[in-house]
Participant: 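This is the structure, below, for whatever I ask next.
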Amino acid sequence: MDYLLDSNIEENVSVLPIVGIGGLGKTTLAQLVFNEEKMQKHFDKKLWVFVSNDFDEKIIVEKILESAKGKKPENLQMNTLINDLQKEIDGKRYLLVLDDVWSDDSQKWDSLKRLLLSGERGSKILVTTREEKVAKISKTIEPYFLRGLNEEESWSLFKQKAFEKGQEPENLRITEIGMEIVRKCKGIPPAIMTIGSLLYFKYSEQEWLSFKNKDFSNVNKKETDILPTLEL
Ligand SMILES: Nc1ncnc2c1ncn2[C@@H]1O[C@H](COP(=O)(O)OP(=O)(O)OP(=O)(O)O)[C@@H](O)[C@H]1O
Ligand SMILES: [Mg+2]
C-alpha cells in the first residue's frame, strides 16, 4: 500500500507484480488493497481486469473500458477503443489491476504499456501472476513475493474448518495429528481449508490417523509439490 500510494516516482505509470504459486492468495491480497478506502481517495480511477490466458491487447483494452464504464464497449474497432481508453485515463491517476497474467511476451507488454502511459504521474498497475518470468518482464519495481500463512495462521484457519465451532478437541492426539497434516499444506489457504473440511466429519483418533497415513500420504509424496494436496 505504501508503494501504491507513493506518487513521488520517476515514471508516470509503474508496475508492481505480486508473485506466488496457485491458491496462495495473490488475488485476495490485490482485492483487499483495491477496496481499501485510502485507495479510493488516492486514485482518480480504479480498474480491475481479469486477464488469464487472453493477453491480447484488444481484449485487455475492451476489459479496461468495461471496468471503467460498467458496461461492455459497443464499438469494437481498435482505434475507437484506444481513443476511448485515452479519454478514460488521460491525466488521471489510475490504479489498474491485471489479475492472473501468464504472458511473458515482452513485445505485447511493451505495446500494452504504451497505451497506458498517459495516466497522471503516480498511476500504478498491480499484476498478479504465478510466474516469476512474467513479473520480471512486466515490473518497473521489484515484485512482491507473497508468502504462505505461517504455522500459527495455518493452524488457526484449519481449526475453523476441522472442528465444531473452531474448538480444539479434548483428545490431544487428534490435535497433534492435525498439526502434522497442516504443516504439509505449506501455508496455502485453500489446501488448509479443504483438508480441514474433509476432517470435519471424522471424529475418532483412528479416523484421523488413517486419513493422515492413507489418503494424505498418497497425495503428499513429493515434499515440494502442493498440487496433489489441492487435488485431494
Ligand atoms: N490469508 C488468507 N486467509 C484465509 N483464506 C485465504 C487467505 N488468502 C487467500 N485465501 C483464500 O484462498 C483461496 C485462494 O486465494 P486466491 O484466489 O487469492 O489465490 P491466488 O494466489 O490468486 O491463486 P491463483 O494463482 O489460482 O489465481 C480463496 O478462497 C481465498 O479466499
Ligand atoms: Mg488469482
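For ligands, and for the atoms within them, numbers begin at 1 and follow the listed sequence. When a residue number appears, it is its place in the shown sequence, counting from 1. The analysis underlying the following values was restricted to heavy atoms, covering all of them including side chains, and did not include hydrogens, waters or symmetry mates.
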Participant: Please list the nearest protein heavy atom to atom 22 (O) of ligand 1 with its residue and the distance rounded to 0.1 Å.
Facilitator: Thr27 OG1, 2.8 Å
Participant: On the ring face of Tyr3, is Lys124 found with NZ or CZ under 6.0 Å from the centre and within 45° of the axis?
Facilitator: yes
Participant: Would Thr27 count as a contact for the Mg ion (ligand 2), in the sense that one of its N, O or S atoms lies under 2.8 Å from it?
Facilitator: yes
Participant: If you measure from atom 28 (C) of ligand 1 to every heavy atom of Thr28, Ile18, Leu29, which option wins on shortest distance?
Facilitator: Thr28
Participant: For atom 10 (N) of ligand 1, what is the closest protein heavy atom, and at what distance to 0.1 Å?
Facilitator: Pro189 CB, 3.5 Å
Participant: Which of the numbered atoms in ligand 1 are below 4.0 angstrom from a heavy atom of Arg130?
Facilitator: 24 (P), 25 (O), 26 (O)
Participant: What about Leu24: any of its N or O atoms under 3.5 Å from an N or O on ligand 1?
Facilitator: yes
Participant: Do the charged groups of Glu62 and Lys72 touch, with an N to O distance under 4.0 Å?
Facilitator: no
Participant: Applying a strict 4.0 Å limit to heavy atoms, is Gly20 in contact with ligand 1?
Facilitator: no
Participant: Taking 4.0 angstrom as the limit, do Glu37 and Lys41 come out as a salt bridge?
Facilitator: yes
Participant: Above 12 or not: heavy atoms from other molecules or residues under 6.0 Å from CD of Glu132?
Facilitator: no
Participant: Any protein heavy-atom neighbour for atom 3 (N) of ligand 1 (distance below 4.0 angstrom)?
Facilitator: no
Participant: With the side chain counted from C-beta on, respond yes when Glu88 and Leu47 share a heavy-atom pair under 4.5 Å apart, and no when they do not.
Facilitator: no
Participant: Strictly under 4.0 Å, does any heavy atom of Leu149 approach an atom of ligand 1?
Facilitator: yes
Participant: Between Glu66 and Lys63 (salt bridge meaning N to carboxylate O under 4.0 Å), is one present in this structure?
Facilitator: no
Participant: Does even one non-hydrogen atom of Glu153 get within less than 4.0 Å of ligand 1?
Facilitator: no
Participant: Which residue owns the protein heavy atom closest to atom 19 (O) of ligand 1, what's the atom, and how far is it?
Facilitator: Gly25 N, 3.2 Å
Participant: Are any of the side-chain nitrogens in Lys87 or Asp84 under 4.0 Å away from the carboxylate oxygens of its partner?
Facilitator: yes
Participant: Is the ring pair Trp208/Phe163 parallel, tilted or perpendicular, if the boundaries are 30 and 60 degrees?
Facilitator: parallel
Participant: Quick check: Met193 and ligand 1, any N/O pair under 3.5 Å apart?
Facilitator: no
Participant: Under 3.5 Å, side chain of Lys92 to main-chain N/O of Asp44, donor-acceptor pair present?
Facilitator: no
Participant: What I want to know is whether Gly23 and ligand 1 share at least one N or O pair that is separated by under 3.5 angstrom.
Facilitator: yes
